[in-house]
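Following: one structure in structure tokens, then a few remarks.
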Protein chains: 2
Amino acid sequence: MAHDLIPDVLNDRCPSRAVLNHVTSRWGVLVLIALQDGTLRFSALRRRIGGVSERMLAQSLRLLEDDGFVRRTAHPVVPPHVDYDLTPLGREVAARVHALAACIEGSLDQILAARKV
Amino acid sequence: MAHDLIPDVLNDRCPSRAVLNHVTSRWGVLVLIALQDGTLRFSALRRRIGGVSERMLAQSLRLLEDDGFVRRTAHPVVPPHVDYDLTPLGREVAARVHALAACIEGSLDQILAARKV
DNA sequence: ACGGAAGCACACACATTTTCGTAAGTATAA
DNA sequence: TTATACTTACGAAAATGTGTGTGCTTCCGT
């Protein structure tokens with residue numbers, strides 16, 4: 001009966017699957033990488049991540065915040081000022097994500113060269 | 001003029017972005033993780049990865065093959081017999097992907113506990 | 001000094017694009 | 001009949017982009 005006690009992403013019903021999807025989502029990955037260098041405001045984050053729309057950035061940030069990877073700090077001033085940074089847990093996953101991205105960036109030449117399509 | 005010489009996933013136009021998307025795609029991640037334990041046939045892979053359809057598995061495998069992460073070996077027999085395993089490069093990325101998944105699996109309790117939604 | 005424009009951090013409605021699952025089909029052997 | 005390894009067509013569902021609005025402040029030109 002211990003089929004759900006140990007988290008396993010290969011298992012369809014394991015909640016870890018959803019969290020993994022948030023982290024590996026198109027923009028989620030890039031948010032984590034971008035925030036590794038420190039705190040950023042919404043607009044700065046948007047400028048940093050090429051091609052992201054306001055809508056998707058906001059949505060990705062909320063998901064990562066709900067999972068406890070990103071911390072949102074709103075300063076009650078006008079015009080609005082909101083800071084985003086990584087939680088301790090967020091820093092751990094961001095490090096893995098970054099390692100993956102770096103690995104791909106590093107062997108990109110090799111990948112593109114071997115590609116026929 | 002050296003804006004495209006160094007691969008950078010944060011850059012919209014960098015080809016590494018596409019490769020990263022293949023690797024971090026919903027089923028791509030799981031394929032890489034599943035193949036870490038060794039060679040698997042199509043059907044075995046499908047049974048291993050909970051919830052994947054034939055269509056998506058085939059598609060994911062082809063993308064990963066084109067990028068040089070997965071090797072496909074077809075034996076010309078009937079009924080068909082096709083083996084899938086990781087290339088050396090594939091083993092590197094799979095290791096990073098697995099590290100990420102393990103990290104999430106390991107802190108799943110903490111993540112779910114902190115969630116309000 | 002005064003009007004206009006831009007920036008901030010989003011939310012919301014709408015349209016499009018892409019992704020995904022389902023069902024059916026293939027040829028053959030056990 | 002079932003298993004193998006897919007492919008294709010179709011339609012549903014999810015992801016994503018676009019444009020619009022908000023309330024206020026700061027900067028810019030004249």
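Side-chain atoms are counted along with the backbone in the values below, which use heavy atoms only and exclude waters and symmetry mates. Chain letters run A, B, ... following the sequence lines, proteins first, then strands; residues in each count from 1.
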Once you build an axis from the first five pairs and another from the last five of the helix from dA1(C)-dT30(D) to dA30(C)-dT1(D), how far apart in angle are they, to 10 degrees? 20°

Any base atoms under 4.0 Å from Arg46(A), or only sugar-phosphate, or nothing? Heavy atoms, all strands. nothing

For DNA chain D, which residues of residues 22-41 of chain A approach it to below 4.0 angstrom with any heavy atom? Arg26(A), Trp27(A)

Taken in chain and number order and not counting sequence neighbours, the residues that satisfy salt bridge (charged side-chain N to carboxylate O under 4.0 Å, His left out) with Arg72(A) are none

Tyr84(A) side chain reached by Val70(A) side chain, heavy atoms, under 4.5 Å: yes

Euclidean distance, Arg71(B) CZ relative to Thr39(B) OG1, rounded to 0.5 Å: 7.0 Å

Please work out which of the three classes, parallel, tilted or perpendicular, describes the rings of His81(A) and His75(A), given edges at 30° and 60°. perpendicular

Is it true that Asp8(A) and Arg17(A) make a salt bridge, defined as a side-chain N closer than 4.0 Å to a carboxylate O? no

Non-hydrogen side-chain atoms of Leu100(A) and Val29(A) separated by less than 4.5 Å: no

Please examine the side chains of Glu92(A) and Pro88(A), heavy atoms only from C-beta on, and report whether any two atoms are closer than 4.5 Å. no

Which residues pass the salt bridge (charged side-chain N to carboxylate O under 4.0 Å, His left out) test with Arg91(B), sequence neighbours left out? none

Judged by nearest nucleotide, the residue sitting upstream toward the 5' end of DNA chain D, Glu54(A) or Phe42(B), is Phe42(B)

Residue pair Asp67(B), Glu65(B): steps toward the side-chain contact (heavy atoms from CB on, under 4.5 Å) verdict: CA-CA 5 Å; Asp67(B) 286 341; Glu65(B) 196 195 344; over 6 Å; no

Roughly how far, to the nearest 0.5 Å, is CG of Leu89(A) from OG of Ser107(B)? 4.5 Å

On DNA chain D, reading 5' to 3', which nucleotide is the first and which the last to sit with an atom under 4.0 Å from a heavy atom of chain A, could you check? dT16(D) to dT25(D)

Distance check, rounded to the nearest 0.5 Å: Cys14(A) atom SG versus Ile6(A) atom CD1? 10.5 Å

Quick one: CZ on Phe69(B) to CG on Leu86(B), what's the gap to the nearest 0.5 Å? 10.5 Å

Name the first nucleotide and the last nucleotide along DNA chain C (5' to 3') that come under 4.0 Å of a heavy atom in chain B. dC20(C) to dA29(C)

